[in-house]
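Only one structure is covered here, and it is reproduced in the block below.
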Amino acid sequence: VIITLPTAAVGNWNTFCRDANFLVTVVAGASTTIRSGASVTAAAGNVTLDAVGSCIQLTAISTTQWYGLIVGTVTFN
């Protein structure tokens, strides 16, 4: 499953979880990154929920950055 985030607007949020044996990939828009702690995607990069039970809650903290709270295993690309 590939999900493209909407345009980042401060305060917007989305939560994505993987509950079956297939990959879930969340893609940032052009010139937008996804960050959690020291991990950050490239502009227009993505995060992949690697294991069943993994979740990421994303909140737009600016018009160019989503910040994620993570449960489980996530890969930043």
Side-chain angles (χ1 to χ4, degrees):
V1 175
I2 298 173
I3 302 161
T4 301
L5 289 168
T7 300
V10 175
N12 283 358
W13 59 274
N14 296 276
T15 301
F16 305 100
C17 295
R18 178 177 168 179
D19 69 348
N21 194 24
F22 54 84
L23 288 179
V24 175
T25 301
V26 181
V27 181
S31 302
T32 306
T33 61
I34 301 170
R35 172 182 293 278
S36 183
S39 299
V40 62
T41 67
N46 66 75
V47 294
T48 301
L49 305 178
D50 297 324
V52 173
S54 296
C55 293
I56 187 167
Q57 181 177 24
L58 297 168
T59 302
I61 60 172
S62 73
T63 58
T64 61
Q65 190 171 69
W66 292 91
Y67 193 86
L69 299 174
I70 298 168
V71 173
T73 307
V74 177
T75 299
F76 286 74
N77 303 296

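We number each residue from 1, following the sequence as shown. Reckoned from all heavy atoms, side chains included, excluding hydrogens, waters and symmetry mates.
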Are [Y] and [X] co-members of a hydrophobic cluster defined by side-chain heavy atoms under 4.5 Å apart?
X: Tyr67; Y: Val26; value: no
X: Val27; Y: Phe16; value: no
X: Ile34; Y: Ile3; value: yes
X: Val1; Y: Ile56; value: yes
X: Val74; Y: Phe22; value: yes

Qualifying side chain to side chain donor-acceptor pair (under 3.5 Å) pairs, either residue in residues 11-21, two or more places apart: Arg18-Asn21
Sequence neighbours excluded, every pair satisfying side chain to side chain donor-acceptor pair (under 3.5 Å) that has a member inside residues 50-61: Asp50-Thr75
Rounded distance (nearest 0.5 Å) linking atom CG of Asn46 with atom CG of Leu5: 10.0 Å
Chi angles and distances behind the side chain to side chain contact (heavy atoms under 4.5 Å, CB included) call for Thr48, Val24: CA-CA 6 Å; Thr48 301; Val24 175; over 6 Å; no
Audit row: Trp66, Thr32, side chain to side chain contact (heavy atoms under 4.5 Å, CB included) steps and yes/no: CA-CA 8 Å; Trp66 292 91; Thr32 306; 3.4 Å; yes
Nearest heavy-atom pair of [X] and [Y]: which atoms, and what distance?
X: Ile70; Y: Gly72; value: CG2-O, 3.8 Å
X: Ser62; Y: Ala8; value: O-CB, 3.5 Å
X: Phe76; Y: Ser36; value: CZ-CB, 3.8 Å
X: Ser31; Y: Ala43; value: CA-CB, 4.0 Å
X: Val40; Y: Thr33; value: CG2-CB, 4.0 Å

Val47 and Thr25: CA distance, side-chain angles, deciding distance, side chain to side chain contact (heavy atoms under 4.5 Å, CB included) verdict: CA-CA 6 Å; Val47 294; Thr25 301; over 6 Å; no
